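Reviewing the structure listed below.
Order of the sequence lines sets the chain letters (A, B, ...), proteins ahead of strands, with each chain counted from 1. What you see is a predicted model, and the numbers here were worked out from it, not measured in a lab.
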Amino acid sequence: MSVELQNVTIRYGRRVAVEDLSVTFPDGAVGLLGRNGAGKSSVLKALLGLVQPSAGSMHFSSLPADASSTMVREHVGYMPERDAHLPQASGFDMVSLLGMLSGLPRRDAWRRAHEVLYLVGLEEQRYRPVAGYSAGMRQKAKLAAALVHDPDVLFLDEPTNGLDPAGRSEMLALVRQLSRELGKSVVFSTHILQDVETVCDAAVVMERGRCVAQGAVQELTAGAGHSYLMRVEPSDVDVHTVLGADYAVEPHGDGRYVVRLAAEEASNALFAALAQAGVRVRSFVRQRRSLEDVFLTAVRAE
Amino acid sequence: MSQSLHYRPLACQRITGYRRLWPLARQEMLSVFRSKWGVALYLFCLLPALARLTMLMIMFGVIEFGPPSLRNRLGQSVPDGMAFLSPEHASFYLHDMLEARPGMIFFLLLTTLVVARSVARDRATNALELYWTRGISPWGYVFAKWWGGFLITASVTVGTPLLLWVTATLLADDYTLLQATAPQFLLGLAGMLLLTAVWTMIGTFVSASASSANAAMVVWCMLLVGTRAVGGILSGILHERELMSCLSFWEAGGVIVRSLADLPQERVWLGGAIATLSTLLVVTGLLARRRLAIGEALQ
């Protein structure tokens with residue numbers, strides 16, 4: 001289920017949290033990137049109907065345009081950023097109660113609570129009070145609560161917050177499985193770019209309440225133009241002199257060069273010119289930008 | 001079904017409307033039994049009813065206790081001021097719940113633990129964010145919290161007098177007791193039900209307005225005990241006993257119930273009592289409304 005926002009503005013009193021935001025979250029896992037205060041959580045809250053946008057519209061592809069916030073919440077699972085649990089409740093009590101509040105009959109809520117707690121790996125600890133859980137277990141309990149009513153879309157707000165490396169890796173693997181094996185649409189809000197690269201197919205970058213970049217992760221990281229990392233032999237040859245001013249070449253030491261071509265086809269002429277000068281090309285790899293580069297470029301431009 | 005994740009899609013009819021709120025109300029109602037201290041407190045709150053039940057058993061000869069003439073003496077007519085000691089008067093069943101001693105003490109203990117902490121405790125653990133992102137509204141949530149608190153409190157304030165009265169009518173030799181006490185008692189019971197609903201609603205609003213569970217408990221205790229102390233001092237200094245009806249929130253409730261059931265009471269101001277409770281309900285409700293604005297609560 002895709003989610004579309006058109007010209008959405010969200011205000012808290014006089015403060016504008018999100019301004020004229022038009023963005024589409026396609027099916028699959030989508031990273032919602034931005035620094036603290038960029039407006040990510042406000043977007044999620046608006047989608048859940050917890051905050052009323054002062055302008056613009058939002059639409060879930062499989063729901064009618066006039067769907068009430070209650071109907072939306074039945075199709076959406078939300079995992080809050082902050083540590084949240086029900087006082088005195090065990091993991092099973094918490095997840096089954098939240099299932100019942102989402103409209104599940106008691107028997108179904110109980111069954112689902114067992115299933116999702118098993119899914120997130122809390123089957124052994126499900127009858128222990130959540131207050132006594134470790135940070136990682138609490139994150140898993142929140143994820144189980146978000147899943148209990150079998151939503152089409154999951155909004156995960158900083159799901160790897162406070163997790164150790166092993167816990168983080170486990171959580172990311174779980175989110176990836178939810179998206180790829182179970183076909184859930186996941187909106188993954190975070191400021192950890194590496195997590196998005198690991199899990200998401202697409203990303204939306206926000207800065208000061210605006211969308212500054214969006215698209216498939218592959219496209220975003222491909223970079224502008226055709227940039228390649230090339231290694232040549234012999235390593236002491238001056239490629240710049242061999243190729244002349246026709247090519248933009250940047251030495252990276254030890255026989256390696258970054259070459260920028262006007263078009264992909266120009267590589268044939270490059271190989272021919274190097275071969276003519278007796279230079280062998282040992283590797284020629286398209287250079288990708290990291291999501292961090294994409295993010296910093298977009299944020300600086302803003 | 002996803003084999004590796006053991007995940008089955010859900011296929012069931014969703015529950016709608018207020019039936020959705022019952023699980024939350026039920027959880028709130030039973031929260032007192034989740035700890036041994038809570039269970040002990042609840043049983044402690046039943047002590048006055050147990051004492052009255054024992055009195056009933058002795059009076060009706062179920063339990064042989066004391067000199068043989070005790071039953072006859074207790075069963076004889078008593079002066080108006082001592083009506084609460086005779087099962088032939090409705091006061092016998094309602095007295096403990098309407099008086100500051102012991103009623104207010106037990107009411108205060110139970111509601112401080114259950115009602116006054118209910119919303120504030122959820123706010124402290126960020127549970128509001130979990131609840132409100134489900135298919136229930138903030139006011140639906142408050143209603144469920146009140147519902148649960150009301151049921152557990154009413155089990156003491158309404159349930160125990162009703163149990164005593166039913167026991168007495170069953171133990172009585174004929175229908176005389178039933179006929180003599182039913183009109184007054186049932187009106188009094190309806191009044192207790194209404195009063196419990198209002199009090200627990202005020203308690204829930206206090207909980208929703210407070211910054212922490214401890215603050216809510218302190219404010220709640222001050223509303224009950226503090227206003228009664230102030231009312232007692234002022235009415236004593238000014239020699240105006242009627243002032244108690246509107247200065248003490250606890251007394252205000254008692255005055256309304258006694259007036260409704262026509263139970264004996266001296267120098268009260270019914271209008272002042274109604275105004276006091278209504279004002280408190282509206283003011284705490286407005287404070288709760290302000291504090292429960294979704295944007296503010298989920299910052």
Go through it in stages, so that I can follow the logic: the residues are A/His149 and B/Arg134, the test is side-chain contact (heavy atoms from CB on, under 4.5 Å), and I'd like the CA-CA distance, side-chain angles, deciding distance and then a yes or no. CA-CA 10 Å; A/His149 56 299; B/Arg134 304 282 144 180; 3.2 Å; yes
What are the residues of residues 27-34 of chain B, in order of number, with any heavy atom under 4.5 angstrom from a heavy atom of chain A? B/Gln27, B/Ser31, B/Arg34
Answer yes or no: are there more than 12 heavy-atom neighbours, outside [X] itself, under 6.0 Å from its atom [atom1]?
{"X": "A/Arg128", "atom1": "CZ", "answer": "yes"}
{"X": "A/Arg180", "atom1": "CZ", "answer": "yes"}
{"X": "B/Arg289", "atom1": "CZ", "answer": "no"}
{"X": "A/Glu123", "atom1": "CD", "answer": "yes"}

What part of B/Arg26 lies closer than 4.5 angstrom to a heavy atom of chain A: side chain, backbone, both or neither? side chain
Among [range], which residues come closer than 4.5 Å to chain B, judged by heavy atom distances?
{"range": "residues 91-102 of chain A", "value": "A/Asp93, A/Met94, A/Leu97, A/Leu98, A/Met100, A/Leu101, A/Ser102"}
{"range": "residues 183-192 of chain A", "value": "A/Lys184"}
{"range": "residues 103-110 of chain A", "value": "A/Gly103, A/Leu104, A/Pro105, A/Arg106, A/Asp108"}

If you look at every heavy atom in A/Arg73 and B/Trp132, which pair is closest and at what distance? NH1-O, 3.2 Å
Donor-acceptor check, side chain of B/Asn126 to backbone of A/Asp83, threshold 3.5 angstrom: yes or no? yes
Any donor-acceptor pair under 3.5 Å from B/Thr125 side chain to A/Leu86 backbone: no
When B/Leu130, B/Leu128, B/Thr133 are each screened for side chain to side chain contact (heavy atoms under 4.5 Å, CB included) with A/Pro80, the one that passes is B/Leu130
Can you tell if the side chain of A/Lys45 reaches within under 4.5 Å of the side chain of B/Glu129, non-hydrogen atoms only? yes
